[in-house]
Amino acid sequence: MESPRDDEERSTPAPDAPMVPSPRPSVRPSVVYQEELAFVVRSLRRLGIGSADLEDLAHDVFMTAFRRLDRYDPARPIRPWLFGIAFRLAADFRRLVRHDRERPIASVSEPPDDGAAPDEAAAQSQDRRLVLAALGKVDLARQPVFIMHDIEGLPMPEIAHALDLPLGTAYSRLRQARAEFTEAVRAERRRGSP
Amino acid sequence: MMDPDLPPLSLDVARLLDAERSRPDPSADFRARLTERLAADVLDGAVLGDGRSTLDAASASKGTPAAGGAPAASPPPGIGRLARLSKAVALLLVGAAGGAGLNAALREPAIVHVPAPQGPQAPHPVPASSRLPEPRTEPATDSSVAPARPLPPSRPVRHADKAPSAAPPAPASAESAPSQAPLTRDQELASERALIERARSALARGKPDDALEAIARHRRDFAAGQLVEERCALEILALAVGHNLDEARRRAAEFRRTYPGSMLRRTIDQALDAKE
């Protein structure tokens with residue numbers, strides 16, 4: 001521990017005193033927020049949250065995460081942990097709006113992709129709508145495994161840990177989810193949607 | 001571990017998932033709105049509070065889906081400069097006593113890459129730490145935050161760990177009971193918070209010099225403490241309130257360089273804007 005320096009006991013800061021130490025990497029809430037905002041938002045979209053509710057749900061995910069940061073094991077990747085929070089909050093939200101006729105749950109719209117050429121953006125936007133629609137047909141117990149593994153590319157052991165599942169069960173759910181998703185894509189195309 | 005029975009994705013499905021992975025990031029407006037709400041909530045101490053959330057608010061008042069659960073989440077339009085500055089001070093300083101403790105509980109992990117053994121996306125940097133943070137949902141007891149009570153002139157309690165083990169026991173009190181043991185991070189944090197709260201209280205009373213004195217003392221006693229970011233932000237506000245705008249701006253620039261992702265940046269910017 002450094003010994004105190006009495007000459008620093010003054011009411012104005014010393015001009016040459018370093019105001020701030022060198023930055024240190026950390027899992028501070030602000031760091032989690034800055035690095036994982038995009039991940040949380042797109043995860044919520046994939047979990048069926050429409051644009052009108054995205055901000056509120058993202059807010060809740062981060063507030064919950066901040067509140068529970070002391071339970072997060074920093075030796076593990078943070079995304080599965082965050083996704084677990086997002087998944088549970090999205091499930092709660094779906095239960096809530098299911099009883100609220102003013103807020104239909106199927107209000108998932110696609111924002112335009114500003115970075116792509118118009119044709120390409122339209123095609124990608126259409127593909128994304130199809131993916132969201134098909135994801136909505138995947139069983140809720142299997143949906144998070146599919147999203148985290150096949151879309152986000154997270155390692156399966158971490159997914160299983162975040163969802164509190166045996167690894168074999170997680171793989172089993174992924175296998176079933178893939179089949180459901182593939183069938184849902186076919187069905188959506190047969191319907192001529194999106 | 002790979003599941004040998006896992007069938008591969010078809011090319012068509014893989015192409016669709018590629019499109020989904022190219023989903024645009026949230027807009028700047030979205031990010032700004034959410035940042036403001038979260039900053040207000042975190043700094044208000046809601047992160048350690050009663051857990052009221054948007055879902056709670058939505059269930060309590062259906063039909064107002066965007067209301068959010070954050071009191072003071074965004075400043076009302078047309079608010080005056082002085083009021084904005086006061087709000088900035090209040091937000092920041094309440095935060096120093098509340099949400100900042102949560103920040104401090106989880107400092108100093110290293111950033112490592114956890115390899116993804118499979119899957120289409122590259123691994124993402126994730127935080128890791130050489131040790132787990134001490135389990136805690138509340139960073140300090142109420143007794144550690146006594147804004148109106150001047151601190152004793154003695155050294156903060158963290159320096160008690162240098163006392164010889166044969167030292168006579170301190171007078172009986174809740175805080176001094178474990179005087180023989182090294183102080184925990186919580187106890188250090190409590191001492192830091194007391195100083196930060198003292199500065200906050202002074203600033204709230206319109207006494208920036210007193211605030212700067214407490215800040216200087218925090219710098220002296222906790223040069224590399226857990227609340228350095230909050231101290232620096234407070235100092236900028238105290239300088240601004242004390243009409244030392246040039247120094248406040250200089251410190252603010254340094255703060256932005258050192259903490260580019262800080263949630264306190266917006267509060268500092270608003271405070272300085274209000275003084276322009």
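Protein chains get the first letters and strands the later ones, always in sequence-line order, with residue 1 at the start of each.
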(request) Can you tell which part of A:Phe39 gets under 4.5 Å to a heavy atom of chain B, answering side chain, backbone, both or neither? (result) neither
(message) Is there a salt bridge (charged side-chain N to carboxylate O under 4.0 Å, His left out) between A:Asp60 and B:Arg37? Walk through the geometry before answering.
(response) CA-CA 10 Å; A:Asp60 286 350; B:Arg37 287 177 62 178; 5.8 Å; no
(request) Indicate yes or no: at least one non-hydrogen side-chain atom of B:Ser22 is less than 4.5 angstrom from one of A:Arg128. (result) yes
Could you go through residues 132-147 of chain A and list every donor-acceptor pair under 3.5 Å that involves a side-chain atom there, pairing it with any protein atom two or more places apart or in another chain?
residue, atom, partner, partner atom, Å
A:Lys137, NZ, A:Glu188, OE2, 3.0
A:Asp139, OD1, A:Ala141, N, 2.8
A:Arg142, NE, A:Glu180, OE1, 3.3
A:Arg142, NE, A:Glu180, OE2, 3.2
A:Arg142, NH1, A:Gln176, OE1, 3.2
A:Arg142, NH2, A:Glu180, OE2, 2.5
A:Gln143, NE2, A:Leu135, O, 2.9

(message) Please report the interatomic distance CE(A:Met156) to CG(B:Leu6), rounded to the nearest 0.5 Å.
(response) 7.0 Å
(message) Applying the side chain to side chain contact (heavy atoms under 4.5 Å, CB included) criterion to A:Val131, which one of B:Arg21, B:Arg23, B:Glu20 satisfies it?
(response) B:Glu20
(message) Does any part of the side chain of B:Leu17, heavy atoms only, come nearer than 4.5 Å to the side chain of A:Phe181, both counted from C-beta?
(response) yes
(request) Kindly give the heavy-atom pair with the smallest separation between B:Asp25 and A:Arg42, and that separation in Å. (result) OD1-NH1, 4.5 Å
(request) Starting at CG of B:Asp12, measure out to OG1 of A:Thr182 and round the result to the nearest 0.5 Å. (result) 8.5 Å
(message) Between A:Asp127 and B:Arg15, is there a side-chain heavy-atom distance shorter than 4.5 Å?
(response) yes
(request) Starting at CG of B:Leu38, measure out to CE of A:Met63 and round the result to the nearest 0.5 Å. (result) 6.5 Å
(request) Measure B:Thr35 against the heavy atoms of chain A and call it side chain, backbone, both or neither at under 4.5 Å. (result) both
(request) With sequence neighbours excluded, tell me which residues meet side-chain contact (heavy atoms from CB on, under 4.5 Å) with A:Gln34. (result) B:Arg31
(request) Measure the CG-CD distance between B:Leu16 and A:Gln124 for me, rounded to the nearest 0.5 Å. (result) 11.0 Å
